[in-house]
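All values reported here derive from a predicted model rather than from experimental measurement. Scope of the values below: all heavy atoms of this structure, side chains included, with no hydrogens, waters or symmetry mates.
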Amino acid sequence: MVREDIYKNVFLIRNVSRFNYGGGETYQLKLAKKLAEYGYTPIIITNSEKLIKVAKQKGFGVLIPPFSRRQNWSGWRNALLPLYFIFQKKLTNWYRTEIRKYRPVAINIQSRDDMLAGTMAAKELGLKVLWTDHADFKNWVLWNVNVKYKNTIGKKIIKLSKDVEKVIFVSEEIKEETARMIAPQKLYNSVVIENGVDDELEKNIDVKTKKTSFVFVGRVVKEKGVEELIKAFTMVLAKYPDAKLNIYGDGEIKRFQKLSNNNVRFYGKTNNASRVLAENEVFILPSHHEGLSLSLLEAAMMGKKIIASDVDGNPEVVVDGKTGLLVPAKNVQKLAEAMIWMLEHKKEAEVMSRNARKRYEKYFNFEKIFEEKMLPLYNGEKEKK
């Protein structure tokens with residue numbers, strides 16, 4: 001029998017498609033690592049194949065729950081909602097069984113369907129429940145919750161939030177925009193606990209930076225602005241023919257290779273983002289939408305020159321003209337101008353990079369965030385001010 005006073009099991013739930021693996025998924029690994037350091041036994045619950053693989057490699061427990069491949073229940077699909085609630089009953093029963101088996105001291109739910117099923121099962125059994133939102137609420141989960149006969153699932157989530165210990169947003173901007181979108185309704189027990197990254201500057205201090213080099217680290221997909229980045233870089237090459245663009249990440253690589261030239265290199269997924277950032281002069285994140293990007297936080301941690309799109313959580317890290325440059329999303333011309341500016345204003349860019357590092361130290365050091373804001377939630381204490 002599992003003794004919770006020894007094992008202190010915690011469920012970290014990010015139940016997504018088996019193909020998904022981005023910031024919301026890697027967050028589980030980071031959170032699991034910190035919980036383990038403080039004596040908890042994290043168990044990651046997901047269908048993401050890569051998250052399952054990496055979690056097992058790192059020695060974390062893994063459970064694979066039921067998952068509904070259909071996620072869109074809007075429009076005519078509302079007629080199929082009875083099927084969704086049959087699935088919900090199955091998922092709730094699964095959580096009841098696993099909670100009784102592992103007796104976690106808390107569960108942190110970070111995916112829509114499990115917010116319903118996992119919360120209902122946990123509250124029946126007197127368990128502490130936390131929700132963490134990675135911008136899913138505002139980007140799709142709570143759309144149209146104020147419209148009659150639309151988003152029944154979202155309406156249930158808002159109602160159920162009353163029974164949750166804390167609804168955690170990873171940035172102030174995401175919390176505020178979600179509140180505006182669903183007003184006059186509201187998510188209860190909301191709090192902001194910023195995303196963050198560990199400090200790896202010292203171990204990369206001797207890495208030599210390649211001049212006139214730009215780097216992107218993230219999923220290589222359309223919504224990350226990769227197409228606009230490649231087009232903007234082509235404009236930069238007209239003035240700086242020796243410039244390089246290095247792209248790291250999985251995704252639709254073949255699609256974007258067709259748009260590229262010899263100065264653009266695709267490296268696939270990296271397991272050492274901080275070193276990759278250290279090797280390049282300017283980090284770029286031209287996303288169409290974003291939560292609070294780990295890659296962006298890592299760039300600030302490394303004290304890099306930064307260009308990012310002016311969307312969602314990005315301005316919380318990049319204060320335009322002070323810690324980097326912000327450009328409108330999907331605007332190739334403005335992105336190219338910002339890239340050229342970074343190459344032509346070295347002194348000003350260096351000041352920005354130092355300011356980015358200071359901002360990281362003050363707001364986004366994950367060790368500090370976890371110890372002061374998140375750990376007390378698992379320990380049953382009040383957050384430190």
Side-chain angles (χ1 to χ4, degrees), residues 13-17 20 22-24 27 67-89 91-92 95 107-123 129-195 222-223 287-293 309-316 328-330:
I13 304 166
R14 181 68 173 176
N15 191 16
V16 294
S17 162
N20 278 38
Y27 180 87
F67 177 75
S68 172
R69 286 181 294 177
R70 180 179 296 280
Q71 292 292 300
N72 185 355
W73 299 91
S74 62
W76 65 267
R77 300 174 187 84
N78 269 287
L80 302 176
L81 275 174
L83 296 177
Y84 177 77
F85 291 114
I86 291 173
F87 162 74
Q88 273 289 319
K89 185 175 181 179
L91 186 59
T92 302
Y95 273 110
I107 66 174
N108 188 329
I109 309 177
Q110 303 170 57
S111 41
R112 181 194 65 178
D113 297 342
D114 308 80
M115 285 178 176
L116 296 175
T119 300
M120 288 187 288
K123 299 312 291 186
V129 179
L130 307 172
W131 288 357
T132 299
D133 174 53
H134 299 279
D136 295 330
F137 285 156
K138 74 181 187 66
N139 286 331
W140 68 284
V141 171
L142 297 181
W143 281 0
N144 295 319
V145 292
N146 289 321
V147 180
K148 196 173 183 179
Y149 304 124
K150 288 193 175 183
N151 200 353
T152 301
I153 300 170
K155 290 178 173 68
K156 287 184 176 295
I157 285 174
I158 291 176
K159 184 176 180 180
L160 195 59
S161 70
K162 295 178 182 179
D163 298 324
V164 175
E165 181 105 356
K166 290 293 181 184
V167 178
I168 301 167
F169 290 90
V170 297
S171 82
E172 188 66 43
E173 185 279 337
I174 294 173
K175 180 177 182 290
E176 291 176 356
E177 190 168 334
T178 302
R180 286 194 296 269
M181 185 180 75
I182 68 174
Q185 299 190 75
K186 66 177 182 177
L187 286 163
Y188 294 84
N189 306 319
S190 298
V191 65
V192 175
I193 300 181
E194 297 86 353
N195 207 345
K222 181 179 179 180
E223 57 265 31
S287 306
H288 301 170
H289 56 81
E290 195 68 60
L292 193 59
S293 164
S309 52
D310 187 7
V311 298
D312 302 330
N314 290 354
E316 294 190 32
K330 304 181 185 181

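Remark: K89 engages N93 in a side chain to side chain contact (heavy atoms under 4.5 Å, CB included) (not counting sequence neighbours). E165 pairs by the side chain to side chain contact (heavy atoms under 4.5 Å, CB included) definition with K128, L130, not counting sequence neighbours. In this view, F67 satisfies the ring-ring contact (aromatic ring centres under 6.0 Å, His included) rule with no residue, not counting sequence neighbours. Not counting sequence neighbours, the partners of N151 by the side chain to side chain contact (heavy atoms under 4.5 Å, CB included) test are V145, I153.
The minimum heavy-atom distance linking S161 with N189 is given by the pair O-ND2, 3.4 Å. For the pair S74 and N72, the tightest heavy-atom approach, listed with the atom from each and the gap, is OG-OD1, 2.6 Å. What you find for S287 and S309 is that their closest heavy atoms are O-OG, 2.6 Å. Shortest non-hydrogen contact noted between L142 and G154 is CD2-O, 3.7 Å.
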Start with the C-alpha distance between Y27 and N195, add both sets of side-chain angles, then the distance that settles side chain to side chain contact (heavy atoms under 4.5 Å, CB included), and finish with yes or no.
CA-CA 9 Å; Y27 180 87; N195 207 345; 3.5 Å; yes
Steps toward side chain to side chain contact (heavy atoms under 4.5 Å, CB included) verdict (L187, F137):
CA-CA 10 Å; L187 286 163; F137 285 156; 3.7 Å; yes
Would you please test R180 and K138 for side chain to side chain contact (heavy atoms under 4.5 Å, CB included) and show each step?
CA-CA 10 Å; R180 286 194 296 269; K138 74 181 187 66; over 6 Å; no
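The CH2 atom of W131 lies 10.5 Å from the CD1 atom of I107; values are rounded to the nearest 0.5 Å. Interatomic distance, CD1 of I13 versus CG of D114, reported as 6.0 Å (0.5 Å rounding). The OH atom of Y95 lies 9.5 Å from the CD atom of Q88; values are rounded to the nearest 0.5 Å. Between atom CG of residue N146 and atom CD1 of residue I182 there is a gap of 7.5 Å, rounded to the nearest 0.5 Å. Expressed to the nearest 0.5 Å, how far CG of L91 lies from CZ of F85 amounts to 12.5 Å.
For the pair D113 and S68, the minimum side-chain heavy-atom distance is below 4.5 Å. Side-chain contact between D310 and P328: absent, with no pair of heavy atoms (C-beta onward) separated by less than 4.5 Å. Residues W73 and L80 are in side-chain contact: their nearest non-hydrogen atoms beyond the backbone lie under 4.5 Å apart.
For T132 (side chain) and Q110 (main-chain N/O), no donor-acceptor pair under 3.5 Å exists by modelled atom type. Proximity of a side-chain donor or acceptor of N139 to a complementary backbone N or O of D136 within less than 3.5 Å is not detected. Judged by distance alone, the side chain of S111 and the main-chain N or O of N15 form a donor-acceptor pair under 3.5 Å.
Shown are Q71, M115, R112; of these, the side chain to side chain contact (heavy atoms under 4.5 Å, CB included) with V141 is made only by R112.
For residues 146-164, no pair satisfies salt bridge (charged side-chain N to carboxylate O under 4.0 Å, His left out), with sequence neighbours left out.
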Hey, can you pull the donor-acceptor pairs under 3.5 Å for the side chains in residues 168-177, sequence neighbours left out?
unit_1: S171; atom_1: OG; unit_2: I174; atom_2: N; d: 3.1
unit_1: S171; atom_1: OG; unit_2: E316; atom_2: OE2; d: 3.2

